[in-house]
Amino acid sequence: MVRDPRLRWPVVVPDELSGLRLSSVDRRAKYLLLRFPGMTAIVHLGMSGRLRVVSENLPVGKHDHVDFRFEGDRVLRLNDPRRFGSIHFSDDPVEAHWLIKNLGPEPLSRDFSGEQMHRLSRRRHQAVKMFIMNAQVVVGVGNIYANEALYRAGIRPRNAAGRVSKARYLELESAIRSTLSEAIEMGGTTLRDYFGSEGKPGYFRQKLFVYGREGEECRRCSTELKGIRLGQRATVYCPTCQH
DNA sequence: ATAGTCACCTGAGCGC
DNA sequence: TGCGCTCAGGTGACTA
C-alpha cells in the first residue's frame, strides 16, 4: 500500500503482487531483494530509509511512505525522510534488471580483486577515490568507506586511477575488505540523524581514521588531516601517510 | 567512452 | 525562539 509514491522514482506496485507469500530476502549491492514467487521487490534505502515490521494499527508516522501488508495485522513499513530510496518490482530475474545488471562485484566476495581493479583502471585519469566509488568497479563503497579504505591503503584520493600500481590495488582490495567487514561488524556508521535497523547508532564512527576528521591529527603520525572536495563529496586524507 | 557536474530531498547545525 | 543558509549522502541523468 503506497501512501506516497514519491521516492527516487515513482513507486508502482504491480497487481500480481497481491496474495504472494514472501519467500526470502537477499541483497545485491545496496539493494534489498524481497523475493516473492514470480516477483521480486528491489528496495533501496537511500540515505535515510528504514524498514520495520509493525502492527498495521501502529499510527502512521511522518515519512511512512509504503506498507507491505502481510497476513494477520503485520506490515513491513518503509519510512524514508529524504526519499532517496526506491522500490522497483521485477517479474524477470533481477540480474537482468536495469538497476542491477551493470553492477560490479560484491566487495566481500571472491569475485572482487585488486587485480581486476588494476586492469579496469588502466588509462583512466579519474581520481582513484571516484573510481572505487563507481558501482561498476565494485559495489558498496560509499563516501565514508572510500575515504577510510584509501587511508588504510596509504593512497591519496586524488591520484589518477590509471597510475596506481597493481601492488597498491592489492593493498586497496584488502583495505576495502577490512574496512567494510569491520564496519558491518560494528553496525555501520552513524552520522547525524542516521540510525540502524534497531534505531541504534552504528559504532564504526569511533573507528574512523579520516572521515569527518578534517583539521584533526592523523591517528598514526599526528599530521593535520587535509580536507578537499572530490566529485562534490567530502574527502579527507593524511598528507604524510597517503601518497 | 570517459570525466565531471547536477539533481533529487530533508533535517541538523549554525550564525544572527 | 525563529529564520535562513549550508551541508550531507547514493546514484542516475545530463553535458562536454
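Labels below follow one simple rule: chain letters A, B, ... track the order of the sequence lines, proteins then strands, and each chain is numbered from 1. Since we're looking at a predicted model, the values are computed, not measured.
Residues A:V53 and A:V2 are members of one and the same hydrophobic cluster, defined by side-chain heavy-atom contacts under 4.5 angstrom among Ile, Leu, Val, Met, Phe, Trp and Tyr.
Atoms CG (A:D80) and P (C:dT11) sit 13 Å apart, rounded to a whole Å. Rounded to an integer number of Å, the gap from NE2 of A:H88 to C1' of C:dG12 is 10 Å. Distance CD1 (A:I144) to P (C:dA8): 11 Å, rounded to an integer number of Å. Atom-to-atom, CZ of A:R50 to P of B:dG11 comes out at 14 Å; the value is rounded to the nearest Å. The CD-P distance, from A:Q126 to B:dT5, rounds to 11 Å in whole Å. Nucleotide C:dC7 holds its P atom 17 Å from the CE atom of A:M47, rounded to whole Å. As rounded to whole Å, 12 Å separates atom C1' of B:dC6 from atom CZ of A:F84. Rounded to an integer number of Å, the gap from A:I42 CD1 to C:dG10 P is 20 Å.
Listed candidates were B:dT10, C:dT11, C:dG12. Nearest to the side chain of A:W98 is C:dG12. In this structure, the nucleotide among C:dT11, C:dA8, C:dG12 sitting nearest to the side chain of A:R82 is C:dA8.
For A:E56, the CD atom is densely surrounded, since the number of other residues' heavy atoms within 6.0 Å is greater than 12.
Residue whose closest nucleotide on DNA chain B sits further toward the 5' end, between A:R124 and A:R83: A:R124.
Looking only at distances, no side-chain donor or acceptor of A:D67 sits under 3.5 Å from a matching main-chain atom of A:R69.
Checked for salt-bridge contact, A:E106 and A:R28 meet the test: a charged N lies under 4.0 Å from a carboxylate O. The pair A:E148-A:R152 does not meet the salt-bridge criterion, since no charged nitrogen lies less than 4.0 angstrom from a carboxylate oxygen.
Checking the phosphate oxygens (OP1, OP2) of B:dC9, no side-chain nitrogen or oxygen of A:H63 falls inside 4.0 Å. Regarding contacts with the backbone of B:dC9, every side-chain N or O of A:R8 stays at 4.0 angstrom or more from both OP1 and OP2. A close approach under 4.0 Å does occur between a side-chain nitrogen or oxygen of A:H44 and OP1 or OP2 of C:dT11. The side chain of A:Q232 places an N or O atom within less than 4.0 Å of a non-bridging phosphate oxygen (OP1 or OP2) of B:dC6. A:K62 has no side-chain polar atom (N or O) that falls below the 4.0 Å cut-off from OP1 or OP2 of B:dT10. In this model, the phosphate group of C:dA8 is approached by a side-chain N or O of A:R229 to a distance below 4.0 Å at OP1 or OP2.
Evaluated for a ring pair (Phe, Tyr, Trp, His ring centres under 6.0 Å) with A:H44, the options A:Y31, A:F84, A:W9 yield exactly one hit, A:Y31.
Among the protein residues, A:F131 comes within range of no part of the nucleic acid, since none of its heavy atoms lies under 4.0 Å from any strand.
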Which side-chain N or O atoms in residues 155-164 of chain A pair as donor and acceptor under 3.5 Å with protein atoms at least two apart or in another chain?
| from | atom 1 | to | atom 2 | distance (Å) |
| --- | --- | --- | --- | --- |
| A:R156 | NE | A:Q242 | O | 2.7 |
| A:R156 | NH2 | A:P239 | O | 2.8 |
| A:N159 | ND2 | A:H243 | O | 2.7 |

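For A:R233 and C:dT11, a side-chain-to-base donor-acceptor distance below 3.5 Å is present, hydrogens and geometry of angles not being considered.
Each end of the helix from B:dT2-C:dA16 to B:dC16-C:dG2 gets its own rotation axis from five pairs of C1' atoms, and the angle between them is 50° to the nearest 10 degrees.
Atoms OG and CD1, on A:S121 and A:I132 in that order, are 11.5 Å from each other to the nearest 0.5 Å.
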